[in-house]
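Single-structure report; data block below.
The analysis underlying the following values was restricted to heavy atoms, covering all of them including side chains, and did not include hydrogens, waters or symmetry mates.
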Amino acid sequence: YCRISGDKEEGKDTSIETQEKKGIDFANKLGKPYKLYYDIGISGTSYEKRDDFSRFITDIKNGIVKDIFAINQARLERDLDTWRMFAATVLNAGAKWYPNGNYYELEDTTNRMLANMLSLINEFHAQNTSDAVKVAFERNAKMGKVHGIRPYGIMSDENGYMIHEPNEIKVVKDIFKWSLEGIGAYTIAKKLNKSNVPTRYNKLNKSTRRKDADTGAVINHSNRKWWGTTVYGILKKKLYAGVHLWNGEEIDLPHLAIISKEDYYQVQENLKENKRTKSGKRPMYKYLLNGLLFCEECGHMYKGKRRLSDRRNQYICS
């Protein structure tokens, strides 16, 4: 099982690739086949939001996984309830737990106590870090500094204050201009892709990774394109009208405004009129071609869905 909570500086956290390699090396050492589970960009404070962790636990319960490797206990959890659930699952299934490749006997009462204590430390570390980050974010936000992931079109100066990124802000201006002309977010995304306007991932030469639920394949999106949802998120951001929202509080940053507040509210009205209707409810069946068909226009998967309007089943771009 491999997990990382987000983009970390080199040396601040163990990369997914390192966790993966160590796990595979250990499986080869045991001479056993293996399954890989990934949760990328997700906190370890709970298990409900970790899709692969849920599959991982289910496979342990069903006896599919008998020997469990993670590079350390903190990869599995930063929450005592999650640890107790994991430990009970391992014991009930008769599986074995190998943190960093070293067998840890959970049947031993002293070992379980020590593991519980480590879990409490993991939980404290996660909560303490979260509290410190919240304080820093609030201070930076009220000062007009960049905090967290910077919005598209925004960069920081040498003192950390938000200013316009010259090339990206031109794209943002076009996006708002087109929206004011009544063009919808998905059509704007198509215009940007047709003009080969690079996304931030393209510019940084980064690749997103996700695991397909149907095939189990890890998919790299190195040539990530513009999506309607990405454009929609930009158009919703009040920062481009010179107002930064933080925990419900409005912070005036007029030097960042590229449109008037009146035009911003007009854009919000246009978004309501152009809002895409839902294409269908959640899949009811196991569609056999899921994970095998890809959209020629945007490169994303076709997914089987049942339309609400006429109750037909069909494959549509995700």
Side-chain angles (χ1 to χ4, degrees), residues 1-30 32 34-139 148 209 211:
Y1 176 77
C2 309
R3 183 187 66 80
I4 194 167
S5 57
D7 290 332
K8 300 290 181 70
E9 294 178 28
E10 191 66 32
K12 292 285 183 72
D13 205 348
T14 308
S15 71
I16 286 290
E17 289 75 18
T18 299
Q19 295 177 53
E20 180 184 82
K21 182 180 185 305
K22 287 201 170 190
I24 293 172
D25 288 347
F26 179 67
N28 291 335
K29 181 181 176 182
L30 293 181
K32 294 186 176 183
Y34 58 85
K35 289 186 73 173
L36 296 169
Y37 303 84
Y38 304 89
D39 281 311
I40 300 171
I42 302 176
S43 169
T45 53
S46 68
Y47 62 87
E48 289 90 349
K49 297 178 182 178
R50 289 190 274 162
D51 291 340
D52 248 24
F53 187 77
S54 296
R55 282 191 279 271
F56 171 59
I57 291 296
T58 299
D59 285 350
I60 297 171
K61 286 180 178 177
N62 292 336
I64 296 170
V65 173
K66 302 294 289 184
D67 301 284
I68 300 145
F69 175 95
I71 202 160
N72 56 47
Q73 187 173 320
R75 295 305 89 201
L76 292 175
E77 54 79 26
R78 289 190 180 276
D79 168 76
L80 182 57
D81 290 339
T82 303
W83 168 254
R84 284 175 169 162
M85 181 273 292
F86 168 78
T89 301
V90 171
L91 288 170
N92 290 334
K96 293 182 179 179
W97 163 228
Y98 293 90
N100 204 24
N102 301 305
Y103 176 57
Y104 195 88
E105 188 178 353
L106 287 174
E107 293 88 347
D108 183 85
T109 304
T110 302
N111 282 354
R112 284 205 306 278
M113 180 196 69
L114 292 173
N116 287 343
M117 291 174 65
L118 179 58
S119 183
L120 282 171
I121 293 170
N122 289 338
E123 186 174 53
F124 171 77
H125 174 76
Q127 292 174 351
N128 194 46
T129 301
S130 177
D131 291 343
V133 167
K134 286 176 183 176
V135 170
F137 276 9
E138 182 175 9
R139 182 181 66 247
R209 298 177 69 188
K211 188 170 182 179

Inset, instruction - Start with the C-alpha gap between W97 and F69, add the side-chain angles, then the distance that decides, and say whether ring pair (Phe, Tyr, Trp, His ring centres under 6.0 Å) holds. - result: CA-CA 7 Å; W97 163 228; F69 175 95; 8.1 Å; no
Legend entry - Side-chain donor or acceptor of N92 paired with backbone N/O of A88 under 3.5 Å: yes
Legend entry - Any side-chain heavy-atom pair of I16 and C2 under 4.5 Å: yes
Inset, instruction - Assess the side chains of N28 and Y34: does a donor N or O sit below 3.5 Å from an acceptor N or O? - result: no
Inset, instruction - Hey, could you give me the CG/NZ distance between N72 and K22, rounded to the nearest 0.5 Å? - result: 9.5 Å
Inset, instruction - For side-chain contact (heavy atoms from CB on, under 4.5 Å), just list the numbers for R75 and R3, CA-CA rounded to whole Å, side-chain angles, deciding distance to a tenth of an Å, and then say yes or no. - result: CA-CA 6 Å; R75 295 305 89 201; R3 183 187 66 80; 3.7 Å; yes
Legend entry - Donor-acceptor pair between R50 and Y38 side chains, under 3.5 angstrom: no
Legend entry - Y1 and D39 side chains, donor-acceptor separation under 3.5 Å: yes
Legend entry - D108 side-chain N/O to T110 backbone N/O, donor-acceptor pair under 3.5 Å: yes
Legend entry - Nearest atoms (heavy-atom pairs only) where D79 meets E123: OD1-OE2, 3.3 Å
Legend entry - Under 3.5 Å donor-acceptor, N116 side chain and S119 backbone: no
Legend entry - Beyond-backbone contact of L36 with I24, side-chain heavy atoms, under 4.5 angstrom: yes
Inset, instruction - Find the distance between CG (L118) and CG (N111) and round it off to the nearest 0.5 Å. - result: 12.0 Å
Legend entry - Closest non-hydrogen atom pair between V90 and L106, with its separation: CG1-CD1, 3.9 Å
Legend entry - Euclidean distance, L80 CG relative to M117 CE, rounded to 0.5 Å: 12.0 Å
Legend entry - Ring centroid separation Y98 to F26 under 6.0 Å: yes
Legend entry - Side-chain heavy-atom pair K21, D25 within 4.5 angstrom cut-off: yes
Legend entry - E77 vs F86 side-chain heavy atoms within contact, under 4.5 Å: no
Legend entry - Distance in Å, I4 CD1 paired with Q19 CD, rounded so as to fall on 0.5 Å steps: 6.5 Å
Legend entry - Evaluation steps, side-chain contact (heavy atoms from CB on, under 4.5 Å), between T58 and K61: CA-CA 5 Å; T58 299; K61 286 180 178 177; 5.6 Å; no
Legend entry - Separation of R84 CZ from T89 OG1 (nearest 0.5 Å): 14.0 Å
Legend entry - Within-4.5 Å side-chain heavy-atom neighbours: K35 and I64: yes
Legend entry - Closest approach of V65 to A95 (non-hydrogen atoms, all atoms of both residues): O-CB, 4.2 Å
Legend entry - Euclidean distance, D52 CG relative to D59 CG, rounded to 0.5 Å: 9.5 Å
Legend entry - Donor-acceptor contact present, side-chain E105 to main-chain E107, <3.5 Å: no
Legend entry - K32 and D67: CA distance, side-chain angles, deciding distance, side-chain contact (heavy atoms from CB on, under 4.5 Å) verdict: CA-CA 9 Å; K32 294 186 176 183; D67 301 284; 2.6 Å; yes
Inset, instruction - State plainly whether the residues R55 and D51 are in salt-bridge range, i.e. N to O under 4.0 Å. - result: no
Inset, instruction - May I have the step-by-step check of side-chain contact (heavy atoms from CB on, under 4.5 Å) for Y104 and L114, ending in yes or no? - result: CA-CA 11 Å; Y104 195 88; L114 292 173; 3.7 Å; yes
